[in-house]
Chemist: 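First the structure, then my questions, so here it is.
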Amino acid sequence: MTTQEFQNAILKWFLVSGRDNLPWQKNISAYSVWISEIMLQQTRVNTVIPYFERFTRRFPDVRELSNASIDEVLHYWTGLGYYARARNLHRTANIVANELSGCFPSDIATLITLPGIGRSTAGAIRSIAFKKRGAILDGNVKRVLSRFAAIDGWPGHTRPLKNLWSISEELTPLRNTDSFSQAMMDLGATVCISQPKCHLCPITTGCKAFLSGTQQKYPQKKPKTSLPVKTTHFLMIYNKKLGYLLRKNKSQGIWGGLWVFPQISKMQELDLILRELGLKSIESRTLATSRHTFSHYHLDYVPILIHARELKGQTTRKTCRERWYNPNTPVSLGMPAPVVSLLEQLNN
DNA sequence: AAATCGGGGCT
DNA sequence: AGCCCAGATTT
């Protein structure tokens with residue numbers, strides 16, 4: 001199967017079987033392609049759809065996004081995970097709005113300099129938004145090409161990754177590159193899946209895995225490791241008038257920039273926190289431990305609900321990274337899933 | 001080259 | 001209970 005034949009087969013298949021009704025496929029612009037590509041990093045299409053709709057309704061263009069506060073951007077990202085994506089999105093919006101006159105670059109080298117845009121996302125923006133030649137290599141394309149070329153090794157490792165990029169660059173056409181990129185992702189998402197539907201595939205005549213009956217061998221799986229378990233306590237300090245105390249995380253690290261309950265490792269720290277706040281505990285109750293799983297560890301968290309009152313003649317102090325959150329009059333802040341979950345439970 | 005960075009929906 | 005998803009960035 002020649003490169004030309006491969007491209008023709010893919011493009012022909014796309015006309016009949018490609019997806020054309022996703023929210024980011026209407027009114028295509030560099031902005032909408034960019035937002036969708038960032039949201040879709042390590043995140044499934046069906047999960048992204050409602051987030052994309054809400055996000056682009058609130059931030060319809062790059063200037064609206066650059067003018068927004070990071071807290072509000074993170075609020076619209078709450079529940080999507082990988083919050084560095086939202087922080088990078090905001091940084092890039094400011095660069096594009098303030099330094100690039102509101103226009104996205106179309107060349108790969110410049111796109112890659114923007115925070116959060118790597119080689120594959122740059123290729124997607126260049127091909128789909130600007131309709132110029134741009135190769136991509138996302139999870140779908142990795143699966144298609146690993147099987148098509150029978151690439152050994154986990155695609156996360158350097159050698160197979162380099163091979164896959166080389167093949168993707170070679171196969172990507174000069175014309176119709178937008179349809180080609182979309183088609184390769186659609187093929188990987190609907191046909192070349194875990195249990196592949198090879199009878200629906202347009203490139204079986206050149207697929208090394210199909211021809212040798214080794215579809216299940218590719219792509220080779222990630223080496224598995226057991227996840228460590230970490231434990232923490234969430235202090236749900238509640239005051240009837242003020243609400244719950246939340247603290248803003250530093251921008252680096254887990255849940256960066258998000259608002260969370262104070263976390264402690266020893267119970268003695270609780271008294272210190274309350275004294276600093278000018279509060280006194282009325283009663284406290286330990287709630288059931290829950291497990292939150294990240295990609296690289298389990299977090300067992302013990303919620304401790306503390307009803308507190310203000311000390312006489314003392315106004316409640318707090319730092320600039322602290323604020324009271326009243327679930328009945330919510331404000332736009334980013335919060336990690338367990339915090340949202342606990343606030344919902346306690347408010348019902 | 002390896003680790004970090006979420007959350008959820010399938011299997 | 002694993003597995004992995006329209007990856008990028010830091011160490």
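Source: prediction; values computed, not measured. Throughout, protein chains are lettered first and strands after them, A, B, ... in sequence-line order, and every chain is numbered starting at 1.
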Chemist: Counting side-chain heavy atoms from C-beta on, which of C:dA6, B:dG6, B:dC5 comes nearest to A:Trp255?
Modeler: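 Given the options C:dA6, B:dG6, B:dC5, the side chain of A:Trp255 is closest to B:dG6.
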
Chemist: How many Å lie between NE2 on A:His298 and C1' on B:dT4, as a whole number?
Modeler: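 The answer, rounded to whole Å, is 17 Å.
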
Chemist: Decide yes or no for A:Tyr325 and A:Leu343: does some side-chain heavy atom of the first lie under 4.5 Å from some side-chain heavy atom of the second?
Modeler: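 A side-chain contact under 4.5 Å exists here.
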
Chemist: So, are A:Glu72 and A:Arg58 salt-bridged, with charged N and O less than 4.0 Å apart?
Modeler: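 Judged by the 4.0 Å cut-off on N to carboxylate O distance, A:Glu72 and A:Arg58 do form a salt bridge.
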
Chemist: Would you tabulate the side-chain donor-acceptor contacts of residues 278-285 of chain A under 3.5 Å, counting partners in other chains and residues two or more places apart, or write 'none'?
Modeler:
none

Chemist: Taking any heavy-atom pair under 4.0 Å as a contact, classify A:Gly253: base, sugar-phosphate, or nothing.
Modeler: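 The answer is sugar-phosphate, as A:Gly253 gets under 4.0 Å only of primed atoms, P, OP1 or OP2.
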
Chemist: Sequence neighbours excluded, which residues qualify as side-chain contact (heavy atoms from CB on, under 4.5 Å) partners of A:Leu227?
Modeler: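 With sequence neighbours excluded, A:Leu227 shows a side-chain contact (heavy atoms from CB on, under 4.5 Å) to A:Thr293, A:His298, given in chain and number order.
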
Chemist: Between B:dT4 and A:Tyr82, is there an OP1 or OP2 to side-chain N/O distance shorter than 4.0 Å?
Modeler: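 No, no such contact exists.
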
Chemist: Going by heavy atoms closer than 4.0 Å, what residues in residues 150-180 of chain A are next to DNA chain C?
Modeler: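 By residue number: none to list.
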
Chemist: Check the distance between C:dA6's P and A:Leu145's CG and give it to me in whole angstrom.
Modeler: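 Atom CG in A:Leu145 sits about 14 Å away from atom P in C:dA6.
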
Chemist: Got a sec? Which of residues 104-121 of chain A come in under 4.0 Å of DNA chain C, heavy atoms?
Modeler: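 DNA chain C contact set from residues 104-121 of chain A: A:Leu114, A:Pro115, A:Gly116, A:Ile117, A:Gly118, A:Arg119, A:Ser120, A:Thr121.
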
Chemist: Could you tell me whether the phosphate oxygens of C:dA6, OP1 or OP2, come under 4.0 Å of any side-chain nitrogen or oxygen in A:Gln41?
Modeler: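 No, no such contact exists.
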
Chemist: Counting side-chain heavy atoms from C-beta on, which of B:dT4, B:dG6, C:dA6 comes nearest to A:Thr43?
Modeler: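 For the A:Thr43 side chain, the nearest candidate turns out to be B:dG6.
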
Chemist: Could you measure between the two P atoms, the one in C:dT10 and the one in B:dG6, and give it in whole Å?
Modeler: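 About 14 Å, rounded to a whole number of Å.
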
Chemist: Taking only side-chain nitrogens and oxygens of A:His292, does any of them come within less than 4.0 Å of OP1 or OP2 of B:dG6?
Modeler: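 No, because none of the side-chain N or O atoms of A:His292 sits under 4.0 Å from OP1 or OP2 of B:dG6.
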
Chemist: Would you mind telling me which residue lines up with the more 5' stretch of DNA chain B, A:Tyr297 or A:Asn46, judged by nearest nucleotide?
Modeler: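 Mapping each residue to its closest nucleotide by heavy atoms, the 5'-most match is A:Tyr297.
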
Chemist: Are any of A:Arg143's side-chain N or O atoms less than 4.0 Å away from OP1 or OP2 of C:dC5?
Modeler: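 True: A:Arg143 side-chain N/O within range (under 4.0 Å) of C:dC5 OP1/OP2.
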
Chemist: Whole angstrom is fine here: how far is it from CG in A:Leu74 over to C1' in B:dC5?
Modeler: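 Interatomic distance, CG of A:Leu74 to C1' of B:dC5: 14 Å.
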
Chemist: On a plain distance test, is the side chain of A:Arg291 in donor-acceptor contact with the base of C:dA1 below 3.5 Å?
Modeler: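 Answer is no: no donor-acceptor pair is held.
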
Chemist: Where along residues 331-343 of chain A does a heavy atom fall under 4.0 Å from DNA chain C?
Modeler: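 Result for residues 331-343 of chain A: none.
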
Chemist: Starting from P on C:dA6, measure out to CH2 on A:Trp24 and report it in whole angstrom.
Modeler: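 Atom-to-atom, A:Trp24 to C:dA6, this comes out as 10 Å.
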
Chemist: Taking CG from A:Leu80 and P from B:dG8, how many angstroms apart are they, rounded to a whole number?
Modeler: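 About 9 Å, once rounded to whole Å.
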
Chemist: Report which part of the nucleic acid A:Val45 touches: base, sugar-phosphate, or nothing (heavy-atom distance under 4.0 Å, all strands).
Modeler: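 Result for A:Val45 = base.
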
Chemist: Listed by chain and number, what are the side-chain contact (heavy atoms from CB on, under 4.5 Å) partners of A:Ser341, not counting sequence neighbours?
Modeler: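 A:Ser341 satisfies side-chain contact (heavy atoms from CB on, under 4.5 Å) with A:Gln345 only.
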
Chemist: How is A:Gln195 classified with respect to the nucleic acid when contacts are heavy atoms under 4.0 Å: base, sugar-phosphate, or nothing?
Modeler: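 Since no nucleic acid heavy atom lies under 4.0 Å of A:Gln195, the category is nothing.
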
